[in-house]
Amino acid sequence: MGIHQLMQFLKEKAPNCFRTLMLDYFAGRTIGCDASMAMYQFLIQTQSAGQTQIIELTDKDGNRTGHLVGLFNRTLQFLENGIKPVWVFDGKPPQLKSGELARRKKLKEEAQVKTELALEKGDMQQALLQNQRTTTITSIMKDDAIKMLKLLGCPIIIAPCEAEAQCAELCRAGKIYATATEDMDALTFRTPILLRGFNTKKEPIYEIIYDDMIKELELTYEQFVDLCILCGCDYTEKIEGIGPGTAYKLIKEFKNIEGILEHVQKVNAERVKNNQNPKYTVPSKFLYEDSRELFITPQVQKGEEIQLIWNKPDVDNLKKFLIEEKGFAESRIDNGLKRIAKKDHTGFQSRLENFFGKTTKIIHPNNSKAKGKSNKKNEQPQKSGGKKKL
DNA sequence: GCTCTAACCCCAGACGCG
DNA sequence: CCGCGTCC
DNA sequence: ACGTGGGGTTAGAG
């Protein structure tokens, strides 16, 4: 679950670290995308309720393909807008996450039972909801996605561990402009820029700038990590009775989790003396030190070692794969490829254009339904400063 | 009252035809 | 331009 | 073998 309620906390306590941007702002930029989360969402959202069963997109062998449809469209949307995506996949989750993963697995199993129950009752709406909760990503599905994205010409990174941590490393190394994810722990991994909102065209894209955030909160990085752990992260239980609000106050006052634990013991002891229930409950195994280490020095591949290269799509093999193996309609692939036919996938053209200020308003009729007023914006000649800094 | 937390509910995409 | 069935 | 999140509402505690 990333960091519990961090988004809402930041909106409140650090409102000035946000910017909202339109898609065309990113033309010519490289963006690191969290592949697992995107796949998961596409798989969920391509399910629908039939008369007596749940319908999912699959190939002829029954392998699910909803994530491929989604990633295909999303990638083309990026390329069409001159954005160069690098898809980053999760590797092996850290040991500390196993408890959280077990919890999720159990929830999925319960949802599976509820799905079948709802199907028996004929409650298709409930069946769909529960079936969405059972969604998991198999290694076949992941391999299919990697194969397709490579054939589209995109660089792929399989992170040694958490994708968010790898994106943060790439961003700090200057290999990507920003990390695109809905998962707020990218900030805990210290990504300089986090982007949210690519999942819906209805709203603009939010940019969160790490340096602004940390300044506005008046915390050190280490303190911010402690704050995130106290809010609730994937690696350890949190202290019951402390949410984002009090965690922030306590960090300010006692500097770190060690100091807060001392304070917590005192407060609880005092209350026990007065025959009151303790105010806080510290988990029996509060692994905050290990969690810290996972956030601060995560297992990643060094950014300098990574070369990102975009190629033109391998049209023949892409078609062979998607049509013959995955059951895609040829016309959809052709339509998609037409959208990016004029783009240069090496990224040279878009950088050059960006340098000369030519790409500032590549936006498409498709997207313009978003707000209605956003149309006007595109028409404004954004000529001002001429070329940007380099 | 007001603030905060926790538990529980809901929600999530894109294309293209008519 | 919108609504809704379909995408595989 | 394993994997997403967010918002809203409400009840209850301090």
Side-chain angles (χ1 to χ4, degrees), chain A residues 1-9 11-12 34-48 50 55-77 89-94 97-98 100-105 108 125-126 128-129 132-133 135-139 141-142 144 159 161-164 181-186 196-203 231-232 234 238-249 267 271 276-277 279-281 322-323 325-329 331-333 335-336 339 365-369 372 375:
Chain A
M1 294 216 348
I3 306 302
H4 199 236
Q5 292 194 326
L6 182 58
M7 186 61 185
Q8 209 166 315
F9 171 81
K11 278 184 188 167
E12 213 173 296
D34 176 4
S36 302
M37 167 147 314
M39 284 195 291
Y40 192 86
Q41 287 177 334
F42 289 133
L43 284 164
I44 283 176
Q45 292 150 191
T46 51
Q47 298 176 24
S48 58
I55 298 159
E56 297 168 339
L57 306 186
T58 63
D59 64 16
K60 60 187 185 309
D61 301 321
N63 297 309
R64 293 190 59 181
T65 51
H67 60 309
L68 299 180
V69 177
L71 285 176
F72 181 80
N73 291 326
R74 174 72 52 83
T75 300
L76 291 177
Q77 191 204 358
F89 290 77
D90 280 324
K92 292 186 177 76
K97 208 171 175 177
S98 57
E100 172 65 16
L101 296 181
R103 193 186 67 86
R104 290 177 195 168
K105 188 182 173 193
K108 282 171 197 281
Q125 199 189 333
Q126 183 62 209
L128 177 60
L129 181 68
Q132 287 172 329
R133 292 180 181 167
T135 303
T136 58
I137 296 170
T138 65
S139 55
M141 287 148 79
K142 181 174 162 183
D144 284 347
C161 195
E162 304 268 38
E164 262 70 36
T181 179
E182 301 303 305
D183 197 338
M184 295 295 287
D185 58 17
R196 321 183 67 202
F198 286 108
N199 287 336
T200 161
K201 283 184 178 170
K202 294 184 193 105
E203 288 169 31
C231 287
D234 290 344
K238 63 194 286 299
I239 300 174
E240 268 178 57
I242 296 180
T246 37
Y248 186 47
K249 262 183 274 177
V267 169
R271 288 175 64 91
Q276 290 172 302
N277 287 329
K279 190 169 180 179
Y280 305 111
T281 312
L322 290 182
I323 296 171
E325 290 184 47
K326 296 297 157 186
F328 276 52
S331 61
R332 277 201 188 244
I333 300 175
N335 281 342
R339 285 161 57 189
N366 298 0
N367 312 359
S368 53
K369 66 177 176 181
N375 277 340

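Just so you know, these numbers come straight off a predicted model, no measurement behind them. Throughout, protein chains are lettered first and strands after them, A, B, ... in sequence-line order, and every chain is numbered starting at 1.
- The CG atom of D144(A) lies 12.5 Å from the CZ atom of R64(A); values are rounded to the nearest 0.5 Å.
- From S98(A), atom OG reaches atom CG of D234(A) across 11.5 Å, with rounding to the nearest 0.5 Å.
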Do any N or O atoms of the protein come closer than 3.5 Å to N or O atoms of nucleotides 11-14 of chain D, and which pairs are they?
none

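- Every residue two or more places apart in sequence or in another chain that forms a side-chain contact (heavy atoms from CB on, under 4.5 Å) with S36(A) is listed here: D34(A), D90(A).
- Annotation: of the two residues near DNA chain D, K142(A) and R196(A), the 5′-most nearest-nucleotide partner is K142(A).
- Among the protein residues, M39(A) comes within range of no part of the nucleic acid, since none of its heavy atoms lies under 4.0 Å from any strand.
- For the P atoms, the distance from dG7(D) to dG13(B) is 14 Å, rounded to whole Å.
- When rounded to the nearest whole Å, the span between CE of M141(A) and C1' of dA1(D) equals 14 Å.
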Under 3.5 Å between N/O atoms: give me all the protein pairs with nucleotides 10-13 of chain B, atom names plus distance.
from: dG13(B); atom 1: OP1; to: N199(A); atom 2: O; distance (Å): 3.3
from: dG13(B); atom 1: O5'; to: N199(A); atom 2: O; distance (Å): 2.9
from: dG13(B); atom 1: O4'; to: Q45(A); atom 2: NE2; distance (Å): 2.7
from: dG13(B); atom 1: O3'; to: N199(A); atom 2: O; distance (Å): 3.4
from: dG13(B); atom 1: N7; to: Q45(A); atom 2: O; distance (Å): 3.2
from: dG13(B); atom 1: O6; to: Q45(A); atom 2: O; distance (Å): 3.1

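- Using atom P as the reference point in both dT6(C) and dC10(B), the two lie 27 Å apart (nearest Å).
- In this structure, N335(A) reaches the sugar-phosphate backbone alone: every heavy-atom distance under 4.0 Å involves primed, P, OP1 or OP2 atoms, never a base.
- OP1 or OP2 of dC2(D) sits under 4.0 Å from a side-chain N or O of K105(A).
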Inset, instruction - Summarise how protein sits on nucleotides 1-6 of chain B as a single string, 5' to 3': B when a protein heavy atom is under 4.0 Å from the base, S for sugar-phosphate-only contact, - for no contact. - result: ---SSS
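- Counting heavy atoms from C-beta on, the side chains of L128(A) and Q125(A) never come closer than 4.5 Å.
- Partners of E12(A) under the side-chain contact (heavy atoms from CB on, under 4.5 Å) rule, at least two apart in sequence or in another chain, do not exist in this structure.
- F9(A) places its CZ atom 18 Å from the C1' atom of dG6(D), with the value rounded to the nearest Å.
- One interatomic measurement links the two molecules: CZ of F328(A) to C1' of dC15(B), which rounds to 12 Å at whole-angstrom precision.
- For M37(A), the listed nucleotide lying nearest its side chain is dT4(D); candidates were dG3(D), dT4(D), dG16(B).
- Rounded to the nearest Å, the gap between the P atom of dC8(C) and that of dC8(B) is 40 Å.
- R64(A) places its CZ atom 15 Å from the P atom of dG3(D), with the value rounded to the nearest Å.
- Atom CZ in F72(A) sits roughly 15 Å away from atom P in dA14(B) (whole-Å rounding).
- Residue M39(A) holds its CE atom at 12.5 Å from OG1 of T135(A), rounded to the nearest 0.5 Å.
- Atom NZ of K92(A) is surrounded by 12 or fewer heavy atoms from other residues, nucleotides or ligands within 6.0 Å.
- Between K11(A) and dG7(D) there is a side-chain N or O to OP1 or OP2 distance below 4.0 Å.
- A side-chain contact (heavy atoms from CB on, under 4.5 Å) with K326(A) is found for exactly one of V69(A), D61(A), L68(A), namely L68(A).
- Within the 4.0 angstrom heavy-atom criterion, no nucleotide atom of any strand lies near A38(A).
- Using a 4.0 Å heavy-atom distance criterion, G91(A) is classed as a base contact.
- Note: CD1 (I333(A)) to C1' (dC7(C)) measures 12 Å, nearest angstrom.
- Using a 4.5 Å heavy-atom cutoff, the side chains of I137(A) and L43(A) are in contact.
- The side-chain hydrogen bond (donor to acceptor under 3.5 Å, both in side chains) pairs that include a residue from residues 238-247 of chain A number zero, where partners must be two or more places apart or lie in different chains.
- The shortest side-chain heavy-atom distance between R332(A) and F72(A) does not fall under the 4.5 Å cut-off.
- A distance of 4.5 Å separates CZ of R196(A) from CE of M7(A), quoted to the nearest 0.5 Å.
- Residues F198(A) and Q77(A) have side chains not in contact (no heavy-atom distance under 4.5 Å, counting atoms from C-beta outward).
- For the pair D90(A) CG and dA1(D) P, the interatomic distance rounds to 19 Å; values are reported in whole Å.
- If you take atom C1' in dG1(B) and the same atom in dA13(D), they sit 14 Å apart, rounded to whole Å.
- Note: CG (L71(A)) to P (dA14(B)) measures 12 Å, nearest angstrom.
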